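Here the structure comes first, spelled out in C-alpha cells, and everything after it is commentary.
Computed from a predicted structure; not experimentally measured.
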Amino acid sequence: MLLKRLLLTSQGMHYQAAERALLLLNSEAVQKMVKGNMAKAYPIIVQGLLNGSQQQHWNQTVTTITYQVIRSYMEMNRDQFEKLTIAAQ
C-alpha cells in the first residue's frame, strides 16, 4: 500500500510532493524493502514507474528524477526489469 501511494504521489501535479515521493522510492530503505520482497514489490514499483514515465511531468526536475529512479531499479534486477518492460508494452 505504501509503495502504491508513493507511486501515485510521484505522478501527481504538485512537483514538490512528486519529487519527495521519487526520492523516497530511490532511498536505501525503500530499495532494501523491495529487495526483501522482490516477487510482489518489484513489479509494483517498476510498472508504476514505467507508467509514470510515459506521461512526462510538467516539471523537468521530476522527469529527470523519474528516469534516475527507473535506472536504479533496472540495475537492481535487469532480467526481471526487461520482462516487466516487455509485459507493459
Look up atom [atom1] in [X] and atom [atom2] in [Y], then write down how far apart they are to the nearest 0.5 Å.
X   : Y   : atom1 : atom2 : value
K32 : N37 : NZ    : CG    : 15.0 Å
L3  : L25 : CG    : CG    : 7.0 Å
L2  : M33 : CG    : CE    : 5.0 Å
S72 : L49 : OG    : CG    : 8.0 Å
I70 : I65 : CD1   : CD1   : 12.5 Å
L7  : I44 : CG    : CD1   : 8.5 Å

Self-check item: Side-chain H-bond candidate by donor/acceptor type, E19 with T61, under 3.5 Å
Solution: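 No, T61 and E19 have no side-chain donor paired with an acceptor closer than 3.5 Å.
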State, to 0.1 Å, how close [X] and [Y] come at their nearest heavy-atom pair, and which atoms those are.
X   : Y   : answer
G12 : A18 : O-CB, 4.0 Å
A41 : V34 : CB-CA, 4.0 Å
V30 : L24 : CG2-O, 3.1 Å
Q11 : G48 : NE2-O, 2.9 Å

Do [X] and [Y] share a hydrophobic cluster (ILVMFWY, side-chain heavy atoms under 4.5 Å, transitive)?
X   : Y   : answer
I86 : M38 : no
L8  : Y15 : no
V62 : W58 : yes

Exercise. Show your reasoning for whether side-chain contact (heavy atoms from CB on, under 4.5 Å) applies to L22 and Y67.
Key: CA-CA 10 Å; L22 288 164; Y67 290 121; over 6 Å; no
Exercise. Spell out, as yes or no, whether a donor-acceptor pair under 3.5 Å connects the side chain of H57 to the backbone of T64.
Key: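 Answer holds: no.
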Exercise. Would you confirm whether Y42, through its side chain, and N77, through its main-chain N or O, come within 3.5 Å as a donor-acceptor pair?
Key: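 Yes; at least one donor-acceptor contact below 3.5 Å.
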Practice problem: In sequence, state the C-alpha distance, the side-chain angles, and the governing distance for M74 and R71, and then conclude on side-chain contact (heavy atoms from CB on, under 4.5 Å). | Solution: CA-CA 5 Å; M74 179 185 65; R71 188 176 317 119; 4.2 Å; yes
Quiz item: Would the number of heavy atoms belonging to other residues, nucleotides or ligands and lying under 6.0 Å from CD of E75 be above 12?
Solution: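 Enclosed.
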